[in-house]
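Because only heavy atoms are used, hydrogens play no part in the values below, and waters and symmetry mates are left out as well, while side chains stay in.
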Amino acid sequence: MNHKHKKGWIFLILCPPLILLGVTWIVMALWNHLLPEILGVKLITFWQAMGILVLSKILFGGFHFGKGVRDFKQKKMIRERMMNLTPEEREKFKEVWKDRCSGGFFSRQNKTNE
């Protein structure tokens, strides 16, 4: 059995919690060093900092589990599809996209309003 793979799994299991703890500590430190003087707010604990971090992720970022893998698969699928186009299909594709992209943002907006 290869021990190199065991170390990789341990690394994958330990890294996300350690990163979360580190980022939480950074949020707490920045809050406690900057905001009391600037805004006059109270100091926060580590767990309050983690709560703020999770809340801001929910409100502003969302949770995108596996998005990188999905994007990679989509790009690979599109690349394969483009490679299998005939020269005529490629020219038609180029013409369609040239028409869509010509003129910039404002002229497209004017076309839809007319």
Q: Quick one: does Glu91's side chain have a donor or acceptor within less than 3.5 Å of a partner on Glu88's backbone?
A: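 Between the backbone of Glu88 and the side chain of Glu91 there is no qualifying donor-acceptor contact (under 3.5 Å).
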Q: Could you check whether any side-chain N or O of Gln48 sits under 3.5 Å from a backbone N or O of Thr45, counting only pairs where one atom can act as donor and the other as acceptor?
A: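 Yes: the side chain of Gln48 pairs with the backbone of Thr45.
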Q: State whether the side chain of Trp31 and the backbone N or O of Pro36 hold a donor-acceptor pair below 3.5 Å, judged by distance alone.
A: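 Such a contact is absent between Trp31 side chain and Pro36 backbone.
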Q: Going only through I, L, V, M, F, W and Y residues with side-chain contacts under 4.5 Å, is there a path from Ile26 to Ile38?
A: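 In one cluster with Ile26: Ile38, yes.
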Q: Measure the CZ-CZ distance between Arg81 and Phe93 for me, rounded to the nearest 0.5 Å.
A: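 One finds 10.0 Å between CZ of Arg81 and CZ of Phe93.
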Q: Pair Asn32, Met28 - check side-chain contact (heavy atoms from CB on, under 4.5 Å), show working.
A: CA-CA 6 Å; Asn32 289 338; Met28 181 188 72; 3.4 Å; yes
Q: Can Phe11 be reached from Trp9 by stepping across I, L, V, M, F, W or Y side chains whose heavy atoms are under 4.5 Å apart?
A: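 No.
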Q: For a quick test of reading the model, state the closest non-hydrogen atom pair linking Met82 to Arg90 and the distance between them.
A: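 It is O-NH2, 3.4 Å.
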Q: Start with the C-alpha gap between Met50 and Leu20, add the side-chain angles, then the distance that decides, and say whether side-chain contact (heavy atoms from CB on, under 4.5 Å) holds.
A: CA-CA 8 Å; Met50 187 177 288; Leu20 177 66; 4.2 Å; yes
Q: Taking all heavy atoms of Trp25 and all of Phe46, pick out the closest pair and write down the distance.
A: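 In terms of heavy atoms, the two residues are closest at N-CE1, 3.9 Å.
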Q: Is Leu43 linked to Leu35 within one hydrophobic cluster, defined over Ile, Leu, Val, Met, Phe, Trp and Tyr using a side-chain heavy-atom separation of less than 4.5 Å?
A: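 Leu43 does not cluster with Leu35.
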Q: Do Leu85 and Val96 belong to the same hydrophobic cluster, where Ile, Leu, Val, Met, Phe, Trp and Tyr are linked whenever their side-chain heavy atoms lie under 4.5 Å apart, directly or via other members?
A: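 In one cluster: no.
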Q: Do Met83 and Glu80 have side chains that get closer than 4.5 Å, going by heavy atoms?
A: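 Of all side-chain heavy-atom pairs linking Glu80 with Met83, none is under 4.5 Å.
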Q: I'd like to check Ile78 versus Lys75 (side-chain heavy atoms, cut-off strictly below 4.5 Å). Are they in contact?
A: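 Side-chain contact under 4.5 Å: no.
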Q: Check whether any side-chain heavy atom of Trp47 sits under 4.5 Å from a side-chain heavy atom of Thr24, and report yes or no.
A: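 Answer no - side chains too far apart.
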Q: Kindly determine whether Lys76 and Lys73 satisfy side-chain contact (heavy atoms from CB on, under 4.5 Å), including the steps that lead there.
A: CA-CA 5 Å; Lys76 184 178 177 185; Lys73 287 180 182 178; 5.7 Å; no
